Structure formats: C-alpha cells, structure tokens
Amino acid sequence: MEKRITDFRTTWLVLGVLAGLCLSYFWPHEPALAATTDRSDKFALATSPVTGVLEGVFILDFLTGRLQGHVLSNKVGKFSHAYYRNVAADFELETRAKPVYAVVAGHTPLTSTGPGSMAQGVIYVAELTTGSVNAYGFQYNESDRPLPPQQMIPLDRFQFREALQGE
C-alpha cells in the first residue's frame, strides 16, 4: 500500500511551525508605541515616551494652566527628572478666562538643538477659547540623581478654529 502525502500530518505540522519560527525571527521587529491619557474636570494626565525604554508622566492642571512632568529613573525607581510650563501664558489667556484644555502625547524623535538630548515624546495641548494647539518638547539627560526642574520647550503652534469671543 502506498503512503499518501496526507499520511505525514505530524511531519507537515512540524515543518510549518519551523517555517513560521524562521520567518518571525528574520521579520523586522517594530515596537508598539502607545501613550496613555486620562482626565477629570480639573486636570488631565498623559504619558509620553522619553527614550526607547523610559516614559514620562505629564499633568496639566486646568485651574492654574500649569503643565508639569516627571520621569521615573529605571535604575533607582525614583523620579529623577522634572519639567514644567505655564501653558496659560503661552495661550495668552486673560486672567478671567475659563480655559478648556485637552492634552495628548505623541512619539516624535526630534534632533537636539542644545547641550542635551531631546526626548522622543512631544506633548500637545489644545485650548478651545483661543482655538489653538501648542506642541511642547523636553530634553532628557540620563542621570540617577534628581535634577533641577527644566522648563519645557515650545516647539510650534497652529490654529484649529477662530478664537471664541466672550467665553
């Protein structure tokens, strides 16, 4: 009796698994890049990539218009870098204005313009009454010691709508 090709199911299964493993080994690997954002009525929280393995957490306080961020050192497990920015001043909001903010983080590897290295993340803050979006970057220098807070760097701005009058 002749053996048919379907009689070697185990052999074909093993060959298929080996071919899949070989293919997955040589296929280019792409990291999953994701930022997280959450908000309440008084503040918003977003995570942003700093390096390939580190991320920072950024908080925008809606009451004060202050954006601040911190990076957790992967070697000592403590916050070693701090960042801040007064976004209310950047949007040129009046003192009596009631701003409506939205914040998200993105992955954008920027080239360095100064003595430090730019982080791989960017924070985008939108404000409804002015109808504009500001992009902020920040520099990261590896250090296990806590460093003094650094001001975030405004990168660019665009209008997404006309400014609201009297709101």
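Quantities reported herein were computed from a predicted structural model and do not represent experimental measurements.
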**Request:** Please examine the side chains of L54 and L72, heavy atoms only from C-beta on, and report whether any two atoms are closer than 4.5 Å.
**Result:** no
**Message:** I'd like to know if the side chain of R85 reaches the main chain of M152, judged simply by a donor and an acceptor atom lying under 3.5 Å from each other, with no hydrogens or angles considered.
**Reply:** yes
**Message:** Below 30° counts as parallel, above 60° as perpendicular, anything between as tilted: where do the rings of F138 and F58 land?
**Reply:** tilted
**Asked** Between the side chain of Q159 and the main-chain N/O of T130, is any donor-acceptor distance below 3.5 Å?
**Response** yes
**Request:** Verify, without hydrogens or angle tests, whether S73 (side chain) and F79 (backbone) share a donor-acceptor contact under 3.5 angstrom.
**Result:** no
**Asked** Do N134 and F158 pass the side chain to side chain contact (heavy atoms under 4.5 Å, CB included) test, and can you show the C-alpha distance, the side-chain angles, and the key distance before you say yes or no?
**Response** CA-CA 7 Å; N134 290 354; F158 72 90; over 6 Å; no
**Donor-acceptor contact below 3.5 Å, side chain H70 vs main chain K78** = no
**Message:** Between Y83 and Y101, is there shared hydrophobic-cluster membership here, with clusters defined by ILVMFWY side-chain heavy atoms closer than 4.5 Å?
**Reply:** yes
**Item:** Test item: Y140 and S117 side chains (from C-beta on) under 4.5 Å apart, heavy atoms
**Value:** no
**Asked** With respect to S132, which candidate in E127, R157, E92 satisfies the side-chain hydrogen bond (donor to acceptor under 3.5 Å, both in side chains) definition?
**Response** R157
**Request:** Ignoring hydrogens and angles, tell me if any N or O in the side chain of Y136 forms a donor-acceptor pair with the backbone of V87 under 3.5 Å.
**Result:** no
**Request:** Evaluate the side chain to side chain contact (heavy atoms under 4.5 Å, CB included) criterion for residues K42 and L63: first the C-alpha distance (whole Å), next the side-chain angles of each, then the deciding distance (0.1 Å), finally the verdict.
**Result:** CA-CA 6 Å; K42 305 247 191 298; L63 301 176; 3.7 Å; yes
